Amino acid sequence: MAEAQDRPQPLRQGMGRRRVGAGLLAAMLLAGCQTIVPRGVDDRPAPSRPPRGAETAPTAPQGSLPADAERNRVALLVPMTGPNAAVGNAIANAANLALIDTGTAKVRITTYDTATGAAAAADRALADGNRLFLGPLLGDDVRAVSPMARAAKVPVIAFSNDATVAGNGTYLMGFSPAQSIARVVDYARSKGMTRFAGLVPTGAYGRTASAMLIRAAEASGGSVVAMQTFDRSAESLKAAVARFGRDQQYDAVLIADGGRIALQAVPLLKRTASPGARILGTELWATDNAIRTGGALNGAWYASVPDAMYRQLGRRYQARYGRAPYRLASLGYDAVLLTVRIAANWRVGTAFPERMLIDRGGFGGVDGAFRFNRDGIAQRTLEVNQVAAGTPVVVSVAPKGFE
């Protein structure tokens with residue numbers, strides 16, 4: 001789940017010319033194929049027994065997993081119970097699906113429930129001999145786990161997007177609000193817009209959004225001429241828009257919140273000095289059905305990870321588990337694909353080859369191309385969508401890779 005900064009492969013991009021295994025759908029992703037499901041994969045409902053290499057729950061007592069001389073042990077740290085259990089289970093299911101799709105016999109993934117304490121889950125995972133952590137999900141849980149993992153020389157590939165927890169052996173796969181804002185502002189500048197305004201919520205997410213809006217506008221030769229904050233109440237939102245005044249003009253206004261807030265803000269913005277300003281959104285819009293419920297956001301732009309491959313994964317997931325996944329499930333799928341790719345050169349019983357995570361060519365996955373920067377944050381290639389009759393339409397495709 002993503003709150004504040006958390007609100008809510010794979011083969012290397014340069015490896016597309018190598019044959020790395022017929023079952024690895026990342027090869028098809030990189031080649032631009034229309035399917036991410038390997039030919040001949042059984043699409044029937046999942047059997048009661050988990051697939052080879054996967055355990056859906058930490059059923060073994062601490063330190064009691066059987067010896068395994070053929071597979072590398074990897075811990076999946078997600079909430080399997082509690083308020084975030086639905087998201088955690090979706091990530092775990094998608095991770096299992098990736099194991100099935102790749103057909104790997106070199107990785108054993110065991111899931112540990114962080115809902116009862118992320119540090120306790122990490123302690124169990126270390127005692128069980130895991131050499132890589134996938135997860136946790138929330139920034140606070142990453143803070144609890146990272147020092148323990150670092151002391152044990154176990155890298156962490158977390159699903160959070162809280163930039164403050166990245167680095168020193170912790171890598172973040174979460175979708176970055178800063179990157180989505182930079183992408184949509186850059187697109188707006190390419191269309192001749194130079195003066196930007198920002199409507200941002202109070203809190204960590206809003207602080208990140210306002211800082212990135214200023215940085216992105218200035219980097220592209222534009223400027224931010226107005227910025228107002230609100231506390232997510234209707235009264236506060238109305239007051240914030242009113243503070244824009246009737247004299248301050250701008251070409252585009254970023255509403256750094258979900259679609260529900262944007263729908264409330266747009267009629268208010270129409271009464272300001274710039275009623276025709278282009279509405280810009282963030283990556284939050286990609287998973288918010290509110291943008292589909294009315295025409296107020298028609299013409300608005302927002303940037304997000306490309307969605308075409310995810311839709312195929314969603315159909316594959318629903319066929320197997322009988323329900324649609326949460327959008328963040330793709331992080332679990334891509335994290336496993338990345339692990340399987342690196343496991344080809346990871347000798348069992350040795351430390352995870354962390355250096356292989358830093359590849360300037362990047363990796364490919366369900367959510368498009370990405371690469372980890374030296375700060376541990378996943379840099380992603382993003383597309384820009386325009387809301388048209390309540391439906392997102394791609395107006396600027398995501399780059400296939402990195403230069």
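Here the structure is a predicted model, which means the values were calculated and not measured. Positions are given from 1 along the sequence.
The stretch residues 192-201 participates, sequence neighbours left out, in these side-chain hydrogen bond (donor to acceptor under 3.5 Å, both in side chains) pairs: T194-D251, R195-D251.
Note that the CG atom of N72 and the CH2 atom of W346 stand 4.0 Å from one another [nearest 0.5 Å]. Distance check: M212 CE to L254 CG gives 11.5 Å after rounding to the nearest 0.5 Å. Note that CG of N373 and CG of L172 are 11.0 Å apart. Values are rounded to the nearest 0.5 Å. Considering CD1 of I342 and CG of L132, their distance stands at 8.0 Å, rounded to 0.5 Å.
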Donor-acceptor contacts, no H, no angles, side chain residues 141-158, under 3.5 Å, sequence neighbours left out:
from: R143; atom 1: NH1; to: D140; atom 2: OD1; distance (Å): 2.8
from: R143; atom 1: NH2; to: D162; atom 2: OD2; distance (Å): 2.9
from: R143; atom 1: NH2; to: T164; atom 2: OG1; distance (Å): 2.8
from: S146; atom 1: OG; to: V142; atom 2: O; distance (Å): 3.0
from: S146; atom 1: OG; to: T170; atom 2: OG1; distance (Å): 2.7
from: R150; atom 1: NH1; to: N168; atom 2: O; distance (Å): 3.2

Let me have the donor-acceptor pairs involving side chains of residues 219-229, under 3.5 Å, with sequence neighbours excluded, atom names and distances please.
from: S220; atom 1: OG; to: A216; atom 2: O; distance (Å): 3.0
from: S220; atom 1: OG; to: A217; atom 2: O; distance (Å): 3.1
from: Q228; atom 1: OE1; to: R243; atom 2: NE; distance (Å): 2.7

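The backbone N or O of L382 sits less than 3.5 Å from a side-chain atom of R183, completing a donor-acceptor pair. In this structure, T81 contributes its side chain and A115 its backbone to no donor-acceptor pair below 3.5 Å. Remark: the backbone N or O of S236 is not paired with any side-chain donor or acceptor of D231 at under 3.5 angstrom. Checked by atom type and distance alone, the side chain of D334 pairs as donor or acceptor with a backbone atom of D367 at under 3.5 Å. No donor-acceptor pair closer than 3.5 Å links the side chain of S274 to the backbone N or O of A277. Not one N or O on the side chain of T282 forms a donor-acceptor pair closer than 3.5 Å with the backbone of P177. With hydrogens and angles disregarded, no donor-acceptor distance shorter than 3.5 Å links the side chain of D375 to the backbone of G167.
You'll find the side chain of L97 reaches within 4.5 Å of the side chain of L313, heavy atoms only. The side-chain heavy atoms of V336 and T102, taken from C-beta on, include no pair separated by under 4.5 Å. The shortest side-chain heavy-atom distance between R374 and I358 falls under the 4.5 Å cut-off. N385 is listed as a side-chain neighbour of S304, based on a closest heavy-atom distance under 4.5 Å.
With sequence neighbours left out, R311 forms a salt bridge (Lys or Arg N to Asp or Glu O under 4.0 Å) with D307. For Q264, the side-chain contact (heavy atoms from CB on, under 4.5 Å) partners at least two apart in sequence or on another chain are A234, L237, R260, I261. Partners of F244 by ring-ring contact (aromatic ring centres under 6.0 Å, His included), not counting sequence neighbours, listed by chain and number: Y250.
Y302 pairs with exactly one of W285, F175, Y187 by the ring-ring contact (aromatic ring centres under 6.0 Å, His included) rule, that one being W285.
Taking the centre and axis of the six-membered ring of F402, the NZ or CZ atom of R371 falls inside the cone set by 45° and 6.0 Å.
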Passes side-chain contact (heavy atoms from CB on, under 4.5 Å), Y310 versus V305? Steps please. CA-CA 9 Å; Y310 173 77; V305 295; over 6 Å; no
Show the numbers, then the answer: is there a salt bridge (charged side-chain N to carboxylate O under 4.0 Å, His left out) between D288 and R327? CA-CA 10 Å; D288 194 336; R327 184 60 181 84; over 6 Å; no
